[in-house]
Number of protein chains: 2
Amino acid sequence: MSLVTDADKPTLYKRIRADIEKRILTGEWPPGHRIPFEHELVARYGCSRMTVNKALSELAQADLIERRRRAGSFVRRPQHQSAVLKIADIRAEITALGRAYGYELIGRKLRAATAADRDRLGVKKAGKVVAITCRHSADKVPFAVEDRLIDLSSVPDAATADFAREPPGSWLLHHVPWTEAEHTISAIVADDRTAEALDIAVGAPCLVIDRYTWRSARTITAVRLLYPGDSHRLVARFKGG
Amino acid sequence: MSLVTDADKPTLYKRIRADIEKRILTGEWPPGHRIPFEHELVARYGCSRMTVNKALSELAQADLIERRRRAGSFVRRPQHQSAVLKIADIRAEITALGRAYGYELIGRKLRAATAADRDRLGVKKAGKVVAITCRHSADKVPFAVEDRLIDLSSVPDAATADFAREPPGSWLLHHVPWTEAEHTISAIVADDRTAEALDIAVGAPCLVIDRYTWRSARTITAVRLLYPGDSHRLVARFKGG
DNA sequence: TTGACTTATATGTCTAGACATATAATCGTA
DNA sequence: TACGATTATATGTCTAGACATATAAGTCAA
């Protein structure tokens with residue numbers, strides 16, 4: 001999701017891609033509309049099929065169009081309805097801001113999964129889990145509190161990992177790299193425990209990110225991150241309609 | 001950001017792409033690492049350069065690698081530090097949920113830009129602006145309130161648009177299609193006015209999305225969306241490390 | 001009408017070349 | 001040593017073909 005437009009170098013395939021993109025984004029070609037066949041674009045632009053194919057392939061990769069064999073290429077409905085969110089680990093986020101990262105383990109518990117744990121992890125039966133509570137800070141100021149559950153049947157090494165030294169997010173990132181995730185963003189007001197951990201008032205707003213992570217159908221971890229709502233901000237820039 | 005892996009059809013370029021992706025995501029090739037030159041991959045896989053070029057181009061488009069002429073291709077640092085967020089317009093979001101969309105204009109004001117307006121729009125001097133307050137509902141239940149400022153020097157048509165009939169987000173989407181945006185997510189507690197508009201208690205948590213939109217350096221609009229924090233949720237799924 | 005078979009066709013992938021272009025590295029000079 | 005010009009090289013784009021493959025559409029029989 002780059003911010004720069006690459007209209008600076010009007011190579012042919014980029015021009016073709018931009019032309020089509022424009023018609024889609026202006027609504028001239030609405031969702032469902034069949035865009036010209038490759039051979040038609042070849043005729044219109046006087047180039048080889050590989051060139052228009054490259055333009056169309058990129059539009060397909062960007063989810064702007066859908067290509068179907070024998071049928072043609074079609075304008076897709078405007079992206080997934082709600083949101084796409086990516087978050088690197090908090091340490092990286094804080095150090096990237098040029099602030100000093102601090103980490104503190106508040107609690108760690110190894111236990112047989114309770115019904116609530118299983119529900120949270122989205123599994124029917126789980127053996128043991130690790131529950132971790134910790135705090136991240138930037139320049140000594142509380143930045144976020146983390147409340148995490150790791151499924152030990154998926155990540156047995158987590159039972160012996162030293163989460164007092166390394167944040168569980170970083171640890172998992174290095175030990176369980178290829179994952180899929182689902183995010184939910186919401187807002188709550190701070191209860192006693194949260195208020196104390198974040199050093200804010202009870203009843204103050206908090207931004208909540210729940211992340212549920214798995215790898216090829218195996219649940220790995222469920223984490224809830226709480227940020228002070230009036231100070232922390234998730235900022236994103238993107239390009240598109 | 002599709003959830004499905006396309007490992008089902010191991011065409012050659014996909015295999016090459018997947019091989020490289022795997023090494024990156026397992027950390028075997030860390031950020032900054034130079035991946036093999038095209039001619040080396042050509043030799044290793046015994047294919048033409050166009051085939052490895054396609055694999056590498058897609059990895060570049062996905063921001064996993066960076067390609068530099070004469071220098072080679074390099075593993076990028078894990079994506080932008082914080083967040084990437086895409087949101088279609090609220091009407092589409094609600095109808096996609098299978099719920100009845102409702103819209104209501106609360107207020108509309110055309111005025112010369114105040115200092116606060118200019119600050120919010122990020123412009124030094126602006127002529128006139130339209131300020132709009134409206135409410136979106138799903139199945140007759142308040143879903144979000146919207147507080148928007150449109151820069152009339154960029155979008156003069158907005159002065160005469162009938163925002164009682166069409167939500168400003170949809171209107172803009174159809175009249176000013178190709179835009180860039182910046183999002184900020186935060187949390188607040190509802191004040192009197194917000195509480196009334198969303199039919200929640202004063203002091204209840206609200207999820208806030210501030211979106212600032214421009215097109216080729218021209219400011220278009222600044223909008224603040226307030227969602228009831230305990231009910232509404234932004235959900236996202238993604239694949240990646 | 002329905003289902004099974006065939007066919008036509010648009011996309012998917014790939015090749016073996018070509019020339020363009022940005023730039024890292026080298027070389028030469030002040 | 002520092003700076004400017006030259007060169008080598010990896011990527012960027014493009015061509016004119018080829019065969020593969022999924023599938024919409026048409027055909028035909030039950």
Side-chain angles (χ1 to χ4, degrees), chain A residues 2 4-24 29 31-77, chain B residues 2 4-24 29 31-77:
Chain A
S2 166
V4 288
T5 61
D6 45 11
D8 40 315
K9 285 173 195 180
T11 61
L12 184 49
Y13 95 85
K14 282 181 183 170
R15 228 189 76 214
I16 299 173
R17 191 190 61 188
D19 285 355
I20 295 170
E21 209 169 59
K22 191 173 174 184
R23 289 188 205 246
I24 292 174
W29 289 348
H33 178 89
R34 209 209 77 225
I35 75 176
F37 294 130
E38 291 190 348
H39 67 84
E40 295 175 301
L41 293 168
V42 162
R44 172 166 337 177
Y45 288 95
C47 62
S48 80
R49 190 164 80 90
M50 278 302 283
T51 301
V52 311
N53 183 280
K54 177 155 186 166
L56 294 177
S57 294
E58 289 198 0
L59 288 170
Q61 210 193 330
D63 273 339
L64 262 170
I65 66 171
E66 185 190 349
R67 313 199 72 199
R68 291 207 303 273
R69 275 180 150 123
R70 165 70 210 243
S73 302
F74 301 84
V75 178
R76 288 191 57 147
R77 276 184 305 149
Chain B
S2 165
V4 288
T5 61
D6 46 11
D8 39 317
K9 284 173 196 181
T11 60
L12 183 49
Y13 96 85
K14 283 182 182 169
R15 229 188 76 216
I16 299 173
R17 191 190 59 190
D19 284 356
I20 295 169
E21 205 169 60
K22 192 174 173 181
R23 289 187 207 246
I24 292 174
W29 288 349
H33 178 89
R34 209 210 76 225
I35 75 176
F37 295 130
E38 291 190 348
H39 66 84
E40 295 176 298
L41 292 169
V42 162
R44 171 167 338 177
Y45 288 96
C47 63
S48 81
R49 189 165 82 91
M50 276 303 283
T51 301
V52 312
N53 183 280
K54 176 155 185 162
L56 295 177
S57 295
E58 289 198 0
L59 289 170
Q61 209 192 333
D63 272 340
L64 262 169
I65 66 171
E66 186 190 348
R67 313 199 71 199
R68 291 207 303 272
R69 276 180 150 124
R70 165 72 209 242
S73 302
F74 301 83
V75 177
R76 289 191 56 146
R77 276 183 307 149

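Lettering follows sequence order; numbering is per chain, from 1. Small disclaimer: the values here were computed from a predicted structure and weren't measured.
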Close side-chain approach of B/Arg15 and B/Leu12, heavy atoms under 4.5 Å: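 Answer yes - side chains close enough.
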
By nearest atom, which of the nucleotides C/dG12, D/dT15, C/dC14 is closest to the A/Ser48 side chain?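 My answer, after comparing the listed nucleotides, is D/dT15.
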
Less than 3.5 Å between a donor and an acceptor, one on the side chain of A/Arg69 and one on the base of D/dT21, is that the case here?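 When only heavy-atom distances are counted, A/Arg69 does reach the base of D/dT21 through a donor-acceptor pair under 3.5 Å.
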
Spacing of B/Tyr13 atom OH relative to C/dT11 atom C1', expressed in whole Å: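 Rounded to whole Å, this separation is 12 Å.
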
On the nucleotide C/dT15, are OP1 or OP2 found under 4.0 Å from the side-chain N or O atoms that B/Thr51 carries?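 So the side-chain polar atoms of B/Thr51 do come within 4.0 Å of the phosphate oxygens OP1 or OP2 of C/dT15, strictly under.
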
Using a cut-off of 4.0 Å on non-hydrogen atoms, how would the nucleic acid contact of A/Arg68 be classed: base, sugar-phosphate, or nothing?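 The residue A/Arg68 makes sugar-phosphate contact but no base contact.
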
Nucleotide C/dC14, atom P - distance to CD of A/Glu38 in whole Å: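 Going from A/Glu38 (CD) to C/dC14 (P), I get 15 Å.
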
Specify the residue among B/Ser57 and A/Ala71 whose closest nucleotide of DNA chain D lies further upstream toward the 5′ end.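 It is B/Ser57, whose closest nucleotide lies nearer the 5' terminus.
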
Closest nucleotide among D/dA10, C/dT13, D/dC14 to the B/Phe37 side chain: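 Selected nucleotide (nearest to the side chain): D/dA10.
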
Base, sugar-phosphate, or nothing for B/Ser73, non-hydrogen atoms under 4.0 angstrom?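 The answer is sugar-phosphate, as B/Ser73 gets under 4.0 Å only of primed atoms, P, OP1 or OP2.
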
Classify B/Leu12 by what it touches in the nucleic acid, base, sugar-phosphate, or nothing, heavy-atom distance under 4.0 Å.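 Since only primed, P, OP1 and OP2 atoms lie under 4.0 Å of B/Leu12, the category is sugar-phosphate.
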
Counting side-chain heavy atoms from C-beta on, which of D/dT11, D/dT13, C/dT13 comes nearest to A/Lys54?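 Taking heavy atoms from C-beta onward, the closest nucleotide is D/dT13.
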
In whole Å, I'd like the distance from the CZ atom of B/Arg49 to the P atom of D/dG12.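 Result: 9 Å.
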
Could you state the interatomic distance from CD (B/Glu58) to CG (B/Asn53), rounded to the nearest 0.5 Å?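 The CG atom of B/Asn53 is 10.5 Å from CD of B/Glu58, to the nearest 0.5 Å.
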
Using only modelled atom types and a 3.5 angstrom limit, is any donor from either the side chain of A/Arg70 or the base of C/dT7 paired with an acceptor on the other?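 Side chain to base: no pair below 3.5 Å.
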
Hey, does the side chain of B/Lys14 come within less than 4.0 Å of C/dG12's phosphate (OP1/OP2), counting only N and O?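 Result: no.
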
From CE of B/Met50 over to P of C/dC14, roughly how many Å is that when rounded to an integer?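 Whole-Å distance recorded here is 11 Å.
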
Give the rounded distance in Å between these two atoms: CZ of B/Arg15 and P of C/dC14.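 Between P of C/dC14 and CZ of B/Arg15: 10 Å.
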
Whole angstroms only, please: what is the OH-P distance between A/Tyr45 and D/dC14?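 Roughly 12 Å, once rounded to whole Å.
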
Interatomic distance, B/Asn53 CG vs C/dA16 P [rounded to whole Å]: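 It works out to 16 Å between those atoms.
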
Figure out the CZ/C1' separation between B/Phe74 and C/dA24, and round it to whole Å.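 Result: 10 Å.
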
So B/Ser57 and B/Tyr13, do their side chains get closer than 4.5 Å, heavy atoms only?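 With C-beta onward as the side chain, the pair stays apart.
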
